[in-house]
Amino acid sequence: MTTAEAQRVLLESLLRVADEERAWAVASAGLGALAVLLALGCWLVWPRPLAQGAAVPLAILGAIFLVAGGADFVSSARERQALPERLREAPHLVAAEALPRARAAVDARGALRVADGLLVLLGLALLTRKGKLRGAGLGALVMGAVALGLDSQAVTRHLERVALLEQVVARYEGR
């Protein structure tokens, strides 16, 4: 395989990973929008303490998902646009900038998984209460479980990205 062919294969792999990140960002933002709409429905349509209590964590965490998904979409779109030129013009920046950012993303998602687990535990604890607190526990449990699933999937995706970037770095450093 020639150097140009290897560079093209690596670029295609990196672009595929960036496209997957954009798709997951859209899914995350969509989930956040759905949670906010569900919270509004619980608050306005079903005026019971359980539903109103569940509306609060659904709205807060849904808004977080919506904003984070939008930010991830924008950053992955920028990265996808700059990637071909960066790889062609300054491949050393992959080792200097992109790889440390990818490793930091793995660490950040790992920390988010811990926070999601704590949210699930809080939701379980609040389910033993009555009224709005039980509803808040239900909302926290649902959103914590969904966030835990998404963040676990994100850790897997980010680890694959780190492995791919390490291949790029090894290729350009001649290992």
Side-chain angles (χ1 to χ4, degrees), residues 1-36 57-58 60-124 139-175:
M1 180 181 293
T2 67
T3 303
E5 290 172 339
Q7 187 177 15
R8 185 180 49 81
V9 168
L10 289 172
L11 178 61
E12 288 173 357
S13 297
L14 288 171
L15 291 176
R16 187 188 77 249
V17 168
D19 288 340
E20 289 174 6
E21 282 299 314
R22 289 176 66 195
W24 277 99
V26 168
S28 178
L31 180 68
L34 182 66
V36 168
L58 285 173
I60 292 170
L61 295 170
I64 291 170
F65 271 81
L66 186 60
V67 170
D72 286 348
F73 181 81
V74 169
S75 67
S76 64
R78 279 189 201 142
E79 182 177 336
R80 189 190 190 295
Q81 186 177 8
L83 196 55
E85 184 177 326
R86 178 179 292 159
L87 197 57
R88 185 176 51 250
E89 300 289 328
H92 64 281
L93 291 180
V94 172
E97 295 177 3
L99 189 55
R101 273 197 316 254
R103 287 182 177 143
V106 170
D107 295 340
R109 290 296 181 156
L112 284 175
R113 282 189 346 187
V114 171
D116 298 336
L118 291 174
L119 186 62
V120 168
L121 290 176
L122 175 68
L124 287 172
L141 180 66
V142 168
M143 289 304 291
V146 168
L148 186 60
L150 285 177
D151 287 336
S152 295
Q153 183 67 22
V155 166
T156 304
R157 288 191 330 269
H158 287 299
L159 285 173
E160 290 172 0
R161 183 169 182 237
V162 166
L164 184 60
L165 287 171
E166 286 173 344
Q167 286 178 353
V168 170
V169 169
R171 174 75 179 146
Y172 283 106
E173 287 181 355
R175 289 187 215 162

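The residues of the chain are indexed from 1 along the displayed sequence. Model, not experiment: these values are computed from the prediction.
With sequence neighbours left out, the side-chain contact (heavy atoms from CB on, under 4.5 Å) criterion links A102 to R161, V162, L165. Under the side-chain contact (heavy atoms from CB on, under 4.5 Å) criterion, L15 pairs with L11, R80, L83, P84, sequence neighbours left out. By the side-chain contact (heavy atoms from CB on, under 4.5 Å) test, A105 pairs with H158, sequence neighbours left out. Checked against side-chain contact (heavy atoms from CB on, under 4.5 Å), D107 has no partners two or more places apart in sequence or in another chain. Annotation: salt bridge (charged side-chain N to carboxylate O under 4.0 Å, His left out) contacts of R101 (sequence neighbours excluded): none. The salt bridge (charged side-chain N to carboxylate O under 4.0 Å, His left out) test applied to E20 returns R16, not counting sequence neighbours. Scored by the side-chain hydrogen bond (donor to acceptor under 3.5 Å, both in side chains) test, R157 finds E21 as partners (sequence neighbours excluded).
Using a 4.5 Å heavy-atom threshold, the side chains of F65 and L34 count as separate. Using a 4.5 Å heavy-atom threshold, the side chains of L150 and L31 count as touching. Annotation: side chain of L122 is not in contact with side chain of L141 (no heavy-atom distance under 4.5 Å). A 4.5 Å side-chain heavy-atom check between M143 and P57 finds every atom pair outside the cut-off.
Considering CG of L124 and CG of L119, their distance stands at 10.0 Å, rounded to 0.5 Å.
Listed by first and then second residue, the side-chain hydrogen bond (donor to acceptor under 3.5 Å, both in side chains) pairs that reach into residues 112-122 come to none, sequence neighbours excluded. Sequence neighbours left out, the pairs with a member in residues 140-154 that pass side-chain hydrogen bond (donor to acceptor under 3.5 Å, both in side chains) are R109-D151.
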